[in-house]
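Below is one structure, written out as structure tokens; comments come after it.
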Amino acid sequence: MKKANLIILGAPGSGKGTRASALCEVLGIVQVATGDLFRNNLKNGTELGKLAKSYMDKGELVPDDLTAAMVEDRLKNPDAARGFILDGFPRTVRQAELLDEILSRKGEKIEAVLFLDVPDEEIVRRTSGRLICEKCQATYHVSYNPPKSDGVCDKCGSKLVTRADDKPETVLKRLDVFRKNTLPLVEFYRGRGSLIRIPAELSQDGVKADMLGLAKQIGLAG
Ligand code: ADP
Ligand code: ZN
């Protein structure tokens with residue numbers, strides 16, 4: 001398969017993480033989720049993790065330079081050589097510019113930007129009831145995507161918890177930040193001709209098949 005560098009854009013709770021991981025399986029590329037990278041840093045007690053937490057708990061964005069440096073570092077890992085999907089980055093126009101610089105230093109570019117277009121009511125519904133595996137970060141939803149056994153991760157058997165920033169007030173703040181800072185990226189990438197809109201209606205069961213169809217449509221899978 002062709003090397004694919006992709007971005008997935010979508011509001012918090014739009015299901016971008018689930019779609020990104022399905023696409024990674026289909027294409028054999030890695031998922032680079034900045035939220036997960038920050039949470040891993042926090043778990044490992046790094047300075048970056050502690051700093052990130054102070055923003056994340058309020059539903060605010062971690063500063064652009066710090067975030068971009070973390071992404072650049074992550075993309076140096078050999079597992080990104082076959083391609084990657086950025087999940088949660090860029091989230092501001094400044095980050096998109098920094099990403100251009102990072103990629104030009106690597107002699108690479110983004111093939112496509114997938115935009116998950118989900119109505120607000122749906123976002124609020126999906127974010128409440130979201131569960132995350134404390135070990136492998138797999139996500140579930142109590143009603144839309146429940147684990148096979150209550151409170152336990154299907155993939156690794158660890159405990160499922162509610163994310164600290166999934167409190168209703170914080171979700172509203174994150175949505176607001178998304179609209180103000182991240183939504184302008186839709187036009188930014190549309191202007192470059194790399195935007196692909198994905199309607200929100202896709203079912204959870206069909207995610208993998210849908211993502212394979214999408215990969216074919218954009219010429220990344222045969
Ligand atoms: P969601 O997409 O559901 O909001 P994430 O796990 O992607 O969840 O992000 C959680 C939090 O991590 C964000 O609210 C923000 O504080 C921080 N974060 C993640 N990615 C970025 C980024 N690219 N820039 C700044 N902050 C980020
Ligand atoms: Zn797990």
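Because the structure is predicted, anything quoted here is derived from the model rather than measured. In this chain, numbering begins with 1 at the start of the sequence shown.
- More than 12 heavy atoms of other shown residues, nucleotides or ligands fall within 6.0 angstrom of atom CG in Asn44.
- Checked for salt-bridge contact, Arg174 and Asp166 meet the test: a charged N lies under 4.0 Å from a carboxylate O.
- A salt bridge links Arg74 to Asp79: at least one charged side-chain nitrogen sits closer than 4.0 Å to a carboxylate oxygen.
- Between the side chain of Thr34 and the backbone N or O of Gly88 there is at least one donor-acceptor pair closer than 3.5 Å.
- Within a 6.0 Å sphere centred on NZ of Lys43, heavy atoms belonging to other residues, nucleotides or ligands number more than 12.
- Among Ile85, Ile110, Leu185, the single residue meeting the side chain to side chain contact (heavy atoms under 4.5 Å, CB included) criterion with Ile7 is Ile110.
- Within the 4.5 Å cutoff, no side-chain heavy atoms of Val30 are placed close to those of Cys24.
- A donor-acceptor pair under 3.5 Å is absent between the side-chain atoms of Asp176 and the main chain of Leu172, judged by distance alone.
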(Q) Apply side chain to side chain donor-acceptor pair (under 3.5 Å) to residues Asp165 and Thr170 and explain how you reach the verdict. (A) CA-CA 6 Å; Asp165 58 350; Thr170 319; over 6 Å; no
Q: Please assess Tyr140 against Asp154 for the test side-chain contact (heavy atoms from CB on, under 4.5 Å), listing each intermediate value before the final yes or no.
A: CA-CA 10 Å; Tyr140 300 86; Asp154 294 352; 3.6 Å; yes
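- Under a 3.5 Å cut-off, the side chain of Arg192 and the backbone N or O of Tyr189 do not form any donor-acceptor pair.
- Here the CG atom belonging to Leu86 is positioned 12.0 Å from the CZ atom belonging to Arg91, to the nearest 0.5 angstrom.
- Taking CD of Glu108 as the reference point, atom CD1 of Ile102 lies at 11.5 Å (rounded to 0.5 Å).
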Q. What's the verdict on side-chain contact (heavy atoms from CB on, under 4.5 Å) for Phe178 and Leu183, showing C-alpha distance, side-chain angles and the deciding distance?
A. CA-CA 6 Å; Phe178 172 76; Leu183 216 44; 3.6 Å; yes
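- Side-chain contact check for Asn181 and Gln95: no donor-acceptor pair (N or O, by modelled atom type) lies under 3.5 Å.
- Panel note: side chain Gln31, backbone Gly17; a donor-acceptor pair is recorded below 3.5 Å.
- For Asp64 and Arg94, the salt-bridge test fails: no basic side-chain N is under 4.0 Å from an acidic carboxylate O.
- No donor-acceptor pair closer than 3.5 Å links the side chain of Arg19 to the backbone N or O of Met211.
- Contact check for Phe89 versus Val32: no side-chain heavy atoms found under the 4.5 Å cut-off.
- How far CZ of Arg82 is from CG of Asn5: 12.0 Å, rounded to the nearest 0.5 Å.
- Ionic pairing of Glu121 and Arg125 is not present here: no N-O contact between side-chain nitrogen and carboxylate oxygen is shorter than 4.0 angstrom.
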Q. Run the side-chain contact (heavy atoms from CB on, under 4.5 Å) check on Lys135 and Lys155 step by step: do they pass?
A. CA-CA 10 Å; Lys135 180 137 182 256; Lys155 294 187 181 143; over 6 Å; no
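- Here the CZ-OG distance, from Arg126 to Ser143, works out to 11.0 Å after rounding to the nearest 0.5 Å.
- There is a path of hydrophobic side-chain contacts, each under 4.5 Å, that joins Leu66 to Met70.
- Leu116 and Val177 are not part of a single hydrophobic cluster, where members link through side-chain heavy atoms under 4.5 Å apart.
- Counting non-hydrogen atoms of other residues, nucleotides and ligands closer than 6.0 Å to NZ of Lys106 gives a total above 12.
- When side chains are defined from C-beta on, Asn40 counts as touching Gln137, because their heavy atoms get closer than 4.5 Å.
- When atom types are taken as modelled, the side chain of Lys58 and the backbone of Lys173 share no donor-acceptor pair closer than 3.5 angstrom.
- In this structure, CZ on Phe38 lies 3.5 Å from OG1 on Thr67, to the nearest 0.5 angstrom.
- Cluster annotation: Leu48 and Leu75 are assigned to the same hydrophobic cluster (Ile/Leu/Val/Met/Phe/Trp/Tyr, side-chain heavy-atom contacts under 4.5 Å, transitive).
- When atom types are taken as modelled, the side chain of Lys109 and the backbone of Leu103 share no donor-acceptor pair closer than 3.5 angstrom.
- In this structure, His141 contributes its side chain and Ser128 its backbone to a donor-acceptor pair below 3.5 Å.
- The distance from the SG atom of Cys133 to the CG atom of Leu160 is 6.0 Å, given to the nearest 0.5 Å.
- Contact of the Glu111 side chain with the Leu6 side chain is registered, since non-hydrogen atoms from C-beta on lie closer than 4.5 Å.
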